[in-house]
Amino acid sequence: MAPKKKEEPKPAPAAPKPPEPERPKTPEFDPASVTLEFTPDQIEDFKDAFQLFDRTPTNEMKITYAQCGDLIRALGQNPTNAEIMHVLGKPTAEDMQSKMLDFDQFLPMHQHICKAKDRGTFEDFVEGLRVFDKEGNGTVMGAELRHVLATLGEKMKEDEVEQLMQNQEDANGCINYEAFVKYIMAS
Amino acid sequence: MGCGVTKSDQFHKHPSKAVTSIKAAILIQRWYRQYVARTEMRRRYTWHIFQSIEYSGEQAQIKLYNFLGYLMDNFTPSSSERNLISHIFRENEVCRDAEWERYFCYKNIEVPDIYSGPHLTFPLSVEQAVGLVQAFRDKKQLHSRYVLQLLLETWKLLRMLPNINRISTCHSKEITICGDLHGQLEDLLLIFYKNGMPSLDKSYVFNGDFVDRGKDSIEILLILFAFLLVYPSDVHMNRGNHEDHIVNLRYGFTKEVLTKYKMHGKRILKLLQKIFSWLPLATVIDQKVLVLHGGISDSTDLSLLARLDRHNYVSALRPPKRRNTSSAGISIDSDIDEDWSNHKVFQRRASFTFPKPLGTRSSFQNRSLQDFSDRIKVNVEEELETCRRRSYTFNAGINRVEKEMAPCPSTDSVNSDNAKEEWKQVLDLLWSDPMTQDGCVPNEVRGGGCYWGPDITDDFLNRHNLQLIIRSHECKQDGYEFCHNRKVLTLFSASNYYDVGSNRGAYVKLGPDLVPYVVQYQASSMTRELTVRQSVGRTERSALKVLREQLFAHKSDLISAFKTFDSENTGLVSLTDWASVVESVMHLGLPWRMLRFQLVTCKTSDGMIDYNEWFNELAIKAPNTDNIEQGLLETLYRHRSTVETIFRIVDTDNSGFITIEDFRQTWKLLSIYLKMEFTDEAISDLAVTIDVNQDGNIDIDEFMEAFRLTDKKSRLERGRSMFMGTATDLTKLEGDPDI
C-alpha cells in the first residue's frame, strides 16, 4: 500500500482534537456570535498583556494578526495553529503581517479559544507519547520524537524541535516521557 | 482513513496508531507553541523592566547635576557648602601643558622584579599589542608605569586627529564597526577571535562607551589604544557618552581604576579625562556612511562639528571651558567659572532644560527623581519663569557679594552663544536616540540629547549627501536593529548586558558596496550551557529582584497612595487599585498586573491585597540599622547611587574617604534639597555607625556596603549582574571576586 503523502486533509474531528460546537464543517468565525464571559479583572489582565505586545509607535492598542496566536498562548491557552487561523477568519500570509486588530476585536477570538474544551491533560499527553514507547519502559527515542514533531501534525521546524528537546535526552538518546510532559506543561 | 506521512512501517500497519500519533504530535506542538509564546512574553517584560530602570537611572544623573546647580545657586560663593561641590565645576589647578606633562610623568615609577605582566617599549609594535591582549586574557594587569606611558602616547596622537575621521573602504579592506563594549572584555576577545585583530587589512571603528558597568574597562581601553598607536590609519575610536569622567563616577569606571591602581589611579584618571575629551566625535566612511555614538538632532551640522574645539567638552555635566590668556600671553585652560556669576547660570540651565512639547514619554519619569528636581517643571512657561527667577535672584545675590568682579565684555555673550550652540551639538551627538514618530523632541529619559524621527534622518542624510547612520548607545536584544527605513542602524556589542542570556552582541562589516553585514555573538560559556528557558528565567529573576528593591525604596509614597484607595483603613486594596497605585508612584510603564504573581504573594481569598503585609514581604534588612531613622534609611536606599556619586565628588582627592564633617554637611544639603527633615542627631547616628575605626573619616565603600540593604545570598548569585540602574550598580562590582 503506497503511502499517500499528505498532511491535513483529515476529517476535521481528527486533526484538532476537540471540535467546537460552534464550528460546523464550513465555518466562518463570527465574532458577534460569541458571548464574552470574562470577569472585569480578567479583562484588565488581558489588557496588560495586549499592551505588552503592542508595537505601534503611538501605543494605539493594536497588534498584528501574526501576534494574535502568540498573545492567546501567552495568556495560557494552547490552541492549534488551525484554531488560530479560524478565529482570525482564515487570513492570507500577507494579512498576517499587515492586518491589525484592536483589543475589542481580540476579545471574542480569545473567548472562543478559551471555551474550547479538552485542552489536553497530562494523561492525554502521556498516552500520546506512549505510542512511541516501543519497549514499553517509559522512554521514547529522542530521534523518533524529533522526527514525529517535525513531520506530523502542525509540523515544527528543526530549530524549534531542537529548542524543545534541549537537554532532555539521556546518554542513550532516550527521553523519559512523563518527565518530559511535566517539563513542557510546567512553563 | 488515510495514512500519515511518516516513513515508519508502524503507521502502515496500524492506522489507528497513526491517528494517535498525529494527535500526540499535535498535542505536543500545541503545548510547545504555548511555551514559546509565554517565554517570549517573559523575556519582553523582563527587558522592559531593565530598560525602564536603566533609563531612569541615567535621568537621575542629570538630576544630580541640577541638584549641584541648586547648591551653586543658593549658597554664596564663600560658603563652605558651595566650596564642597564647586570644585566639580572648576579645575583646581590652572595648568600649562608643560605642567601637565610633569604631573603625568611615569619615568619615576619603578617596575618591581616580581611583576609578571607585559613590559612595553615605545614605539609600540604589533607584537606588543597582541601580547597585551593575551596578557589580559590571562588576567594579568598592566603596570601603572606602562599604563601612563601608553596613555601619554595616546593623548599625543589623539590631539592630532580631526573631530570627524574620514576613512574609506577598498577591495582588500573591509571595515569592521563595533558598538558599546562597556568594560566587557570577553566580548572584545570574542570579536577578535571571530573577526581577527586590527591590522593593515582589517580596519576597525569602535563606536564609544568602552567603559563603565563591566569590570574590565581599563583593559579594553588599553587594548584599543595600543592598536590605535600601532595602526593609526586603521583603528578609529569615536567618543561615547560614557567617555566622561563625571558619568564614570557613577557607573563604575572610576572605582575600577582606583581599585586596580591604588597608587597611581588618580593620575591615570586625570589623564583619561583629557584623553576622553580628545576622542574624535564621529567617523565617515566613503563619504556615505556616518558612524557616531548616540545620534543626531534636527540641528546637527557636521561642518560645525568638524570645526569646534572638541576638547573643550570635558563632560556632559560641565559647561565648556574657555581658553584665557594669562598675563604672560600664554594660553591656559581654565573654566569660565569666574564668569559663572553673570550669565552662565542661565546658559547652563538652558543647555539642560529644553521646553517640553506636549505628549512627552511620561512613562519614564521616575517620581522619586522629582524629589531632587521639582524645579524641572513640566511645561514651558513654568520652565522659563523658573529660569528667569533663578537668574534674577542669583544675579542679585552675586551683585551683592561680588561687586569687585568686572562685568563681562559684550563679546563674551557672543562667545557664550557659540559655546552654547556647540555644546548642544556635541550633547546631541553623544546622547540622542531614534524614535518611530517624525519630529525631534528633547530626550528627557536620558536627560540629554533628543529623540529624532525618520523625517529628521531623511533630511539630514540628504543635506550631507549620506546614505546610512550607524550608531550605538542602546542595548538591543539581537545586538543590532535597523530603523527609519533601514537608514539608521543601532549596533550594540556588549552581549549579556543586563544579565546572562539577556541579549546578543553584534558587529558590522562594511565593504566597498557599503552594504552592512551583521555578525552576532553571545559571550560567556555559561550561556551556552543554559537552555533558553533557563536563561530567560535567570534574567527574569534578576529583573524582579531589582524591581522589588525599587518598590521597597518607595514604601512611604506607596503606602500613602494605597491609603487613598483604602478609606476604611482595612489595609486591603483590590488588584486593580494596587496596579494603578504602583504605576502612579513608580512611573515605570510596566505591566504590573502581569507581574503581580511574582511580586505579591500575600493575597486574601477574595483577591484583595494586604499592602502592609506586602511590604513585609519585600522588606530588606540591613545590619546595624535599628537605630537609624526609617525615613533616612529609605531616602538613602532610594537615592543610593546618587548619594555615592555625591560622596565621590566631595572626595576631591579621590582617596576613597571623606571626613565626618563633609559627610554631615553633604547630608544636610541633601535633606534641604529633598525637603526632608533629618535631625542633626539622626545624621550623627548615621555617621557614627559607619565610622568604625573612629578616626573621623568615612570610607565611602564601607558606607555603601553597610547600607546596601540587599539579601546577602542574592548578591552572591553569580555576582556579575550587568544590570546598571539606581539599585544594583554597586552589587555588580561587589560580587565579583576579582575586584
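Just the heavy atoms: all of them, side chains too, but no hydrogens, waters or symmetry mates, feed the values below. Chain identifiers are assigned alphabetically (A, B, ...) following the order of the sequence lines, protein sequences preceding nucleic acid strands; residue numbering begins at 1 within each chain.
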- [ ] Mind checking the CG-OH spacing from Asp48(A) to Tyr45(B)? Nearest 0.5 Å is all I need.
- [x] 11.0 Å
Task: Phe103(A): partners by ring pair (Phe, Tyr, Trp, His ring centres under 6.0 Å), with sequence neighbours left out - done: Phe50(A)
- [ ] Heavy atoms only: give me the nearest Leu52(A)-Pro591(B) pair and the separation to one decimal.
- [x] CD1-CG, 3.9 Å
Task: Closest non-hydrogen atom pair, Phe53(A) against Arg44(B) - done: CA-NH1, 3.6 Å
Task: Minimum heavy-atom distance Ala37(B)-Ala74(A), with the two atoms named - done: CB-N, 3.8 Å
Task: Flag side-chain contact, heavy atom, 4.5 Å: Glu40(B) against Asp70(A) - done: no
Open item on the list: Determine whether a donor-acceptor pair (N or O, by modelled atom type, separation under 3.5 Å) exists between the side chain of Gln29(B) and the backbone of Leu152(A).
Closed with: yes
TODO: Hey, could you give me the CE/NZ distance between Met594(B) and Lys47(A), rounded to the nearest 0.5 Å?
DONE: 14.0 Å
- [ ] With rounding to the nearest 0.5 Å, note down the distance linking CZ in Arg38(B) to CZ in Arg73(A).
- [x] 13.0 Å
- [ ] Would you give the length of the straight line joining atom OG1 of Thr151(A) to atom CD1 of Ile22(B), rounded to the nearest 0.5 angstrom?
- [x] 9.0 Å
Task: Check: Gln34(B) side chain, Gln77(A) main-chain N or O, donor-acceptor pair, under 3.5 Å - done: yes
Open item on the list: With a 4.5 Å cut-off on side-chain heavy atoms, are Glu160(A) and Val36(B) touching?
Closed with: no
Task: Considering all heavy atoms, the nearest Thr80(A)-Arg30(B) contact - done: CG2-CD, 3.0 Å
Open item on the list: Restricting to ring pair (Phe, Tyr, Trp, His ring centres under 6.0 Å), what partner residues turn up for Trp592(B), sequence neighbours left out?
Closed with: none
Task: Qualifying salt bridge (charged side-chain N to carboxylate O under 4.0 Å, His left out) pairs with a residue from residues 91-105 of chain A, counting only residues at least two apart or across chains - done: none
Open item on the list: Counting C-beta onward and ignoring hydrogens, is there a side-chain heavy-atom pair between Asn78(A) and Arg33(B) closer than 4.5 Å?
Closed with: no
Open item on the list: If I take atom NE2 from residue His48(B) and atom CD from residue Gln51(A), how far apart are they, to the nearest 0.5 angstrom?
Closed with: 9.5 Å
Open item on the list: Given heavy-atom pairs under 4.5 angstrom as the criterion, report whether the side chain, backbone, both or neither of Gln67(A) touches chain B.
Closed with: side chain
TODO: Counting only heavy atoms closer than 4.5 Å, note whether Ile72(A) contacts chain B via side chain, backbone, both or neither.
DONE: neither
- [ ] Anything in residues 35-45 of chain A with a heavy-atom distance to chain B below 4.5 Å? Please list those residues in order.
- [x] Asp41(A), Glu44(A), Asp45(A)
TODO: Determine whether Ile28(B) and Leu145(A) make a side-chain contact, defined as any pair of heavy atoms from C-beta on separated by less than 4.5 Å.
DONE: yes
Task: Shortest non-hydrogen contact between Ala25(B) and Val148(A), atoms and distance - done: CB-CG1, 3.8 Å
